A.B. asks: 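Take this structure, written in structure tokens, and hold onto it; I'll ask about it next.
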Amino acid sequence: MAEQRNRIGGAVRWDTVVGALLVVLIAASFSFVGDFGNALNISFLIGNTLPIAAIALPMTMLVASGEIDLSVGSTVGLSGSVMGVLWNDGMNVNMIILICAALGIVCGLVNALLVTRLGLPSLAVTIGTMAAYRGIAQIVLGSNSVTDFPQNYLNFGSGRIAGTFIPDAAIPWLVLAVLAVVVLHATGFGRSVFAVGASQEAAWFAGLRVKRIKLSLFVATGLISSLTGVFWVLHYASATYTNATGLELSVVAAVLLGGVDFDGGRGTLGGAIAGVFLLGTLQNVMSLVNVSAQSQTVVTGILLVVSVLGPRAAKQLALARARRTNRSMTPTPSSSFL
Amino acid sequence: VWAIPYLGILAAIVLIAVAYYLRNYRSGRECYALGSNPQAAALAGVPTRKRVLGAFVLCGALAGLAGALYLARFGYADASTGTGYELTVVSAVVVGGVGFTGGTGSVYGAALGALLLTSINSVLPAIGVSSVWVEAIDGILLLLAISLDRVVALRVAGLLRRRAGEARSADHG
């Protein structure tokens with residue numbers, strides 16, 4: 001009996017709550033907001049949320065391992081700027097995309113080496129690289145904006161699969177998402193990411209290569225960010241150095257809203273993805289019903305605070321309940337901790 | 001003498017008051033203790049929550065004062081005034097030698113950091129460096145500052161350990 005109740009208590013987790021909220025929000029929008037349901041709006045919603053959704057994948061792993069990367073928005077901007085400059089110089093687009101990917105790996109590597117070799121806090125390092133990468137983007141491109149990319153690439157960035165509401169770019173994202181879920185939740189590497197996040201020292205004593213794991217996560221984040229930069233340029237058909245300013249906050253907000261513990265060691269990709277689309281849908285609906293941009297910012301900010309408080313409160317509640325059940329029911333040790 | 005603006009005097013007064021408080025008052029010192037090791041501080045009887053609460057409240061109050069000063073200086077303010085200041089302020093504080101992990105640093109250091117960053121921002125264009133370089137240089141300066149701080153700390157720790165080791169072997173010898 002006690003075990004059963006514990007299991008029920010454990011089943012209501014924060015990421016499930018966020019997923020349920022997302023479903024409720026979408027259902028409510030379909031029924032009450034007239035313009036929400038048409039295919040064009042849905043494709044806009046997905047297309048505009050894709051950059052956040054893409055970076056949220058490696059960011060979830062990074063936060064789960066106890067680190068954070070605030071330079072992702074600047075990496076997106078830098079990759080876009082480099083793309084613009086190289087295209088102006090007449091380089092082949094496929095070649096440019098490869099160079100941008102390499103650039104993203106280098107950006108991630110710089111963050112990773114500063115964090116793992118010098119032992120600096122990633123918050124401080126990536127605040128620094130956030131300014132540095134954005135600054136380099138500004139040096140590279142100046143205040144120009146490049147817009148004349150080839151049409152078939154622009155079509156990939158903003159088009160959708162014929163006859164549906166699904167943007168073309170959603171397919172590569174889905175592949176990435178499945179890959180990320182499998183890596184984080186079904187492989188030894190994924191387990192070790194959580195282990196590092198829960199206790200770095202314990203993970204090290206257990207024989208995990210803590211630094212190497214963190215390094216690979218930072219590099220993955222840099223790579224995905226730079227590819228997102230390419231997508232951003234194609235999606236909005238414009239490369240400027242201010243591309244994706246402030247994107248890091250949206251990503252971190254969505255990941256935390258999805259129940260990934262800021263201290264590391266806990267969280268699910270499903271929750272993070274639900275968080276991303278919850279924020280995206282909310283913003284879309286608020287725009288449709290003419291909520292002013294300022295009020296939207298307030299709502300997003302409140303959601304962020306709730307996202308930090310919510311999982312804590314849920315954990316406290318679950319702990320309190322487990323304690324109560326233990327005391328009242330049986331002297332057997334409780335196995336539920338989630 | 002009249003080149004000193006009132007706002008500068010006001011800022012200097014705030015600066016000296018906070019610096020004096022952090023250096024000389026019990027509750028000020030407790031903030032450092034808290035930053036070095038929260039658990040040890042709590043065990044030593046520092047009212048942890050009260051100090052952190054106080055620090056946030058003071059931070060908010062001074063940010064409010066800064067808003068008023070900004071308005072007095074530029075005669076104009078809107079909802080987006082000060083966007084991105086958090087980055088500049090954190091950079092200034094870290095460049096000024098306040099440890100990111102807590103427990104070290106001084107108000108004067110932070111003030112010097114702020115002065116350095118703003119000087120760089122106004123000097124670079126004056127010596128002919130294009131303004132597009134400013135943000136990158138700010139970021140790289142911040143990275144250099146925290147890296148240097150860390151390297152020095154590691155060196156000092158290594159030196160102390162070696163000294164301790166020598167002292168121990170001298171005892172035995």
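Here the structure is a predicted model, which means the values were calculated and not measured. Proteins come first, then strands; the chains are lettered A, B, ... in the order of their sequence lines, and each starts at number 1. FYI, side chains are in, hydrogens and waters are out, and symmetry mates aren't considered; it's all heavy atoms of this structure.
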A.B. asks: Non-hydrogen atoms of chain A under 4.5 Å away: do they reach the side chain of Ser147(B), the backbone, both or neither?
C.D. replies: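 Contact with chain A: backbone and side chain both.
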A.B. asks: For each of Leu120(A), Thr129(A), Thr245(A), Val125(A), tally heavy-atom pairs with chain B at distances under 4.5 Å, and name the one with the top tally.
C.D. replies: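 The residue among Leu120(A), Thr129(A), Thr245(A), Val125(A) with the greatest pair count is Leu120(A).
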A.B. asks: Has Arg29(B) got more than 12 heavy atoms of other residues, nucleotides or ligands less than 6.0 Å from its CZ?
C.D. replies: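 Yes, because the 6.0 Å sphere around CZ of Arg29(B) holds more than 12 heavy atoms from other groups.
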A.B. asks: Hey, could you give me the CG/CZ distance between Asp138(B) and Arg134(A), rounded to the nearest 0.5 Å?
C.D. replies: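 Here the rounded value is 14.5 Å.
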A.B. asks: Top residue by heavy-atom pair count (under 4.5 Å) with chain A, among Asp149(B), Ile146(B), Ile140(B), Val151(B)?
C.D. replies: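 Between Asp149(B), Ile146(B), Ile140(B), Val151(B), the count favours Ile146(B).
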A.B. asks: Tell me, yes or no, whether the heavy-atom count around Phe74(B) atom CZ, taken from other residues, nucleotides or ligands under 6.0 Å, exceeds 12.
C.D. replies: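 Counting other residues, nucleotides and ligands, CZ of Phe74(B) exceeds 12 neighbours.
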A.B. asks: Answer with side chain, backbone, both or neither: which region of Ile139(A) has an atom nearer than 4.5 Å to a non-hydrogen atom of chain B?
C.D. replies: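 Both parts, backbone and side chain.
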A.B. asks: So which of Ile127(A), Leu123(A), Ile136(A) has the largest heavy-atom pair count under 4.5 angstrom toward chain B?
C.D. replies: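 Looking at each of Ile127(A), Leu123(A), Ile136(A) in turn, Ile127(A) comes out on top.
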A.B. asks: Just give me the residue among Gly246(A), Ser143(A), Gly128(A), Ala137(A) that pairs up with chain B most often, heavy atom to heavy atom, under 4.5 Å.
C.D. replies: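 Heavy-atom pairs under 4.5 Å are most numerous for Gly128(A).
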A.B. asks: Of all of Ala145(B), Gly139(B), Ser91(B), which one pairs up most often with chain A through heavy atoms under 4.5 Å apart?
C.D. replies: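 Among Ala145(B), Gly139(B), Ser91(B), the one with the most close pairs to chain A is Gly139(B).
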A.B. asks: Between Arg150(B) and Leu118(A), is there a donor-acceptor pair closer than 3.5 Å when you use the side chain of the first and the backbone of the second?
C.D. replies: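 Yes; judged by distance alone, with no hydrogens or angles, the pair exists.
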A.B. asks: Quick one: of Val134(B), Leu154(B), Leu143(B), Leu142(B), who has the most non-hydrogen atom pairs under 4.5 Å with chain A?
C.D. replies: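 The option with the most such pairs is Leu143(B).
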